Amino acid sequence: MQNNIRTSQFEFVALMASLMSVVALAIDALLPALEIIGITIGTTEVVDNQLLITMIFLGLGFGPLIFGPLSDSLGRKPVVYMGFALFIGASFICVNATSLEVMVVGRILQGIGLSAPRTISIAIIRDMYSGDYMARIMSFVTVVFILVPVIAPALGKFVLDYYNWHGIFYIQVVISLFVSFWFWKRQPETLSIENKKVFSATGFIGEFKELFKFKKTVGFTIISGFITGSFMVYLSSSQQIFQNQYNLEEEFPYIFAGLAIAIGAAVFSNGVLVIKYGMEKLITVALVSFFVVSATYVALFYNAPNPDVRILILFFGLQFFSIGFLFGNIRAMAMEPVGHIAGTAAAVTGCISTIMAVPISIFIGRFIADTALPLFVGFSICAALAIGLLIYLKNNEKRTIKALSE
């Protein structure tokens with residue numbers, strides 16, 4: 001199977017990225033429309049509009065607990081179809097929403113549905129690759145995936161200007177149907193017969209307990225939660241910062257795209273550097289850089305108004321360049337020891353990191369009213385906690401090696 005995919009590796013990378021990209025489209029294309037949707041559904045506080053972004057992550061967190069174990073039993077492909085079907089149904093709930101509560105339900109269901117292609121794409125990659133080479137494939141997948149945040153806000157703004165916010169959801173439905181067809185036509189099933197398991201609550205609980213025996217998997221999953229949570233604050237508040245605080249409504253899609261390119265440049269570089277230096281070294285350097293940049297911003301602008309927008313964009317760009325070296329590598333490090341239960345592992349690790357990220361995002365986001373400073377304070381705290389956990393994991397690994405050698 002792996003040799004067959006290698007002959008069309010470009011298409012494989014593009015297809016896996018497309019499975020993930022519908023998630024990014026469902027999040028980022030909506031950003032320019034948050035304020036208008038908020039008015040339509042009757043939100044009274046601007047910060048409540050952030051829920052339209054953060055709540056989809058709630059679904060993305062819980063959904064894998066269903067779809068991951070199912071994929072280890074039924075196969076990877078049927079579960080992807082189930083997820084897209086739920087996403088399409090939830091999209092029509094959002095289109096017809098007349099209150100914040102109904103819209104939030106629709107967004108949570110969208111997230112649950114999209115958790116299937118998002119989780120299964122990672123399981124498919126783990127079915128076929130391992131080690132630093134898996135991280136390399138993940139990096140190239142993420143490079144393609146980054147193209148969506150580059151164009152999605154501009155696409156959303158275009159639809160908003162020439163149609164209405166409902167059209168953003170219709171476009172998501174059309175794209176999900178196209179990706180589903182491509183996946184059905186071109187991607188073989190990757191779950192081997194020997195790894196197929198009978199779906200049962202007992203089996204899932206057993207695999208769940210087994211996963212927690214791997215400290216490396218648990219540790220890097222928690223690190224992923226801190227990084228994802230801090231980045232989610234940016235996703236949910238970027239429209240508020242650039243459109244409301246800086247009055248850059250027309251420029252916002254292009255600023256968002258430029259910052260997404262910063263992540264893409266790092267991810268592309270990671271695909272080359274990870275083979276030379278390894279995942280762990282790159283994660284260490286990127287986490288330290290992430291902390292230093294955010295702490296520097298806090299030190300410079302504490303109790304001060306927002307700086308010139310060019311300075312803010314510079315700091316964001318440096319932050320996201322660091323993040324580009326973290327996303328794929330951290331996920332690959334977490335998945336490395338648990339290839340024999342890849343479906344359940346992808347589900348549980350994805351759930352834990354996302355469920356951690358949602359309250360982090362909501363809590364920090366509530367402080368972002370007149371300045372972007374709370375965002376960088378959140379970056380600093382999350383980075384510091386992640387670095388502390390990484391040090392613990394490294395020391396634990398050294399103690400284990402020492403004990404085995406004695």
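Worth knowing before you read on, the calculation uses all heavy atoms, side chains too, and leaves out hydrogens, waters and symmetry mates. Just so we're clear, the structure is a prediction, and the values are computed from it rather than from any experiment.
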Query raised in the report: Does any N or O in the side chain of S73 come within less than 3.5 Å of the main-chain N or O of L70, such that one atom is a donor and the other an acceptor?
Result: no

Query raised in the report: Does the ring center of F242 lie less than 6.0 Å from the ring center of F256?
Result: no

Query raised in the report: With a 4.5 Å heavy-atom cut-off, do F290 and I227 have their side chains touching?
Result: yes

Report summary line: Correct closest heavy-atom pair for A116 and V79 would be CB-O, 3.5 Å

Query raised in the report: Any idea which heavy atoms bring L74 and M82 closest together, and the distance?
Result: CD1-CE, 3.6 Å

Requested in this report: Taking the side chain as every heavy atom from C-beta outward, state whether E280 and E397 have any atom pair closer than 4.5 Å.
Outcome: yes

Query - Nearest heavy atoms of L373 and V298, plus distance in Å - result: CD1-CA, 4.0 Å

Query raised in the report: Would T371 and Q245 count as having a side-chain donor-acceptor pair, cut-off 3.5 Å?
Result: no

Query raised in the report: Going through the checks in order, is the side-chain contact (heavy atoms from CB on, under 4.5 Å) test met by I125 and M16?
Result: CA-CA 8 Å; I125 294 169; M16 293 302 103; 4.2 Å; yes

Requested in this report: Quick one: pull up CD1 in I323 and OG in S230 and give me the separation to the nearest 0.5 Å.
Outcome: 5.5 Å

**Report entry** E189 side chain vs G75 backbone, donor-acceptor pair below 3.5 Å
**Finding:** no

Query raised in the report: Hey, is CZ on F214 packed in by over 12 heavy atoms from elsewhere, all under 6.0 Å?
Result: yes

Report task. Take I360 and C382, measure what side-chain contact (heavy atoms from CB on, under 4.5 Å) needs, and give me the verdict at the end. Result -> CA-CA 9 Å; I360 290 173; C382 289; 4.0 Å; yes

Query raised in the report: Is there a side-chain contact between Q50 and L34 (heavy atoms, below 4.5 Å)?
Result: no

Query raised in the report: So how far is it from S180 OG to F87 CZ, rounded to the nearest 0.5 Å?
Result: 10.0 Å

Query raised in the report: Can any side-chain N or O of T119 pair as donor or acceptor with the backbone N or O of S115 at less than 3.5 Å?
Result: yes

Query raised in the report: Are any side-chain N or O atoms of S99 and backbone N or O atoms of V102, one a donor and one an acceptor, separated by less than 3.5 Å?
Result: yes

Report task. Please report the closest heavy-atom contact between A26 and L114, naming both atoms and the distance. Result -> CB-CD1, 3.7 Å

Report task. Before giving the answer on side-chain contact (heavy atoms from CB on, under 4.5 Å), spell out for I311 and F301 the whole-Å C-alpha distance, their side-chain angles and the decisive distance to 0.1 Å. Result -> CA-CA 11 Å; I311 296 175; F301 302 107; 3.9 Å; yes

Query - Minimum-distance pair of heavy atoms, taken over all atoms of P337 and K216 - result: CG-CD, 4.2 Å

Query raised in the report: Would you say T228's side chain and G225's backbone share a donor-acceptor pair under 3.5 angstrom?
Result: no

**Report entry** Aromatic F183 / basic K77 pairing, under 6.0 angstrom, 45° off normal
**Finding:** yes

Query raised in the report: Can you tell me if T354 uses its side chain to pair, donor with acceptor, with the backbone of C351 under 3.5 Å?
Result: no

Query - Residue Y81 excluded, over 12 heavy atoms near OH under 6.0 Å - result: yes

Requested in this report: State, to 0.1 Å, how close A286 and L326 come at their nearest heavy-atom pair, and which atoms those are.
Outcome: CB-CD2, 3.6 Å

Report task. Could you check if a side-chain atom of V179 sits within less than 4.5 angstrom of a side-chain atom of F84, using non-hydrogen atoms only? Result -> yes

Requested in this report: Could you check L248 against Q243 for side-chain contact (heavy atoms from CB on, under 4.5 Å), going step by step and ending with a plain yes or no?
Outcome: CA-CA 5 Å; L248 296 172; Q243 291 190 13; over 6 Å; no

Query raised in the report: Does V47 offer a backbone N or O that forms a donor-acceptor pair with the side chain of E45 under 3.5 Å?
Result: no

Report summary line: dist L25:CG -> Q172:CD (nearest 0.5 Å) comes out at 5.0 Å

Query - Any donor-acceptor pair under 3.5 Å from N329 side chain to F325 backbone - result: yes

Query raised in the report: Can you check whether L31 reaches F252 side chain to side chain, under 4.5 Å on heavy atoms?
Result: yes

Query raised in the report: What is the distance from atom CG of L52 to atom CG of L100, rounded to the nearest 0.5 Å?
Result: 6.5 Å

Report task. Run through I222, T349, V348 and flag the one making a side-chain contact (heavy atoms from CB on, under 4.5 Å) with T217. Result -> T349

Query raised in the report: So, does S361 use its side chain to make a donor-acceptor pair with the main chain of V358 at under 3.5 Å?
Result: no

Query raised in the report: Any side-chain donor-acceptor pair under 3.5 Å between T43 and D48?
Result: no

Query raised in the report: Got more than 12 heavy atoms from elsewhere within 6.0 Å of NZ, K394?
Result: yes

Requested in this report: Nearest 0.5 Å please: distance from the CG atom of L30 over to the CG atom of L160.
Outcome: 9.5 Å

Query raised in the report: Looking at side-chain heavy atoms only, is the closest gap between L259 and Y234 below 4.5 Å?
Result: yes

Report task. Measure from the side-chain N and O atoms of R76 to the backbone N and O of I124, and report whether any donor-acceptor pair falls under 3.5 Å. Result -> no

**Report entry** Geometric class of the F315/Y297 ring pair [parallel <30°, tilted 30-60°, perpendicular >60°]
**Finding:** perpendicular

Query raised in the report: Would you call V22 and P117 a side-chain contact if the rule is heavy atoms closer than 4.5 Å?
Result: no

Requested in this report: Run the ring-centre check on F379 versus F231 and record whether the distance is less than 6.0 Å.
Outcome: no

Report summary line: One should read off an interatomic distance between L393 CG and F220 CZ, to the nearest 0.5 angstrom, of 5.5 Å

Report task. State, with a plain yes or no, whether a side-chain heavy atom of I27 is found less than 4.5 Å away from one of I53. Result -> yes

**Report entry** Ionic contact status for E250 with K157, cut-off 4.0 Å
**Finding:** yes

Query raised in the report: Is the number of heavy atoms from other residues, nucleotides or ligands within 6.0 Å of CG (D370) greater than 12?
Result: no

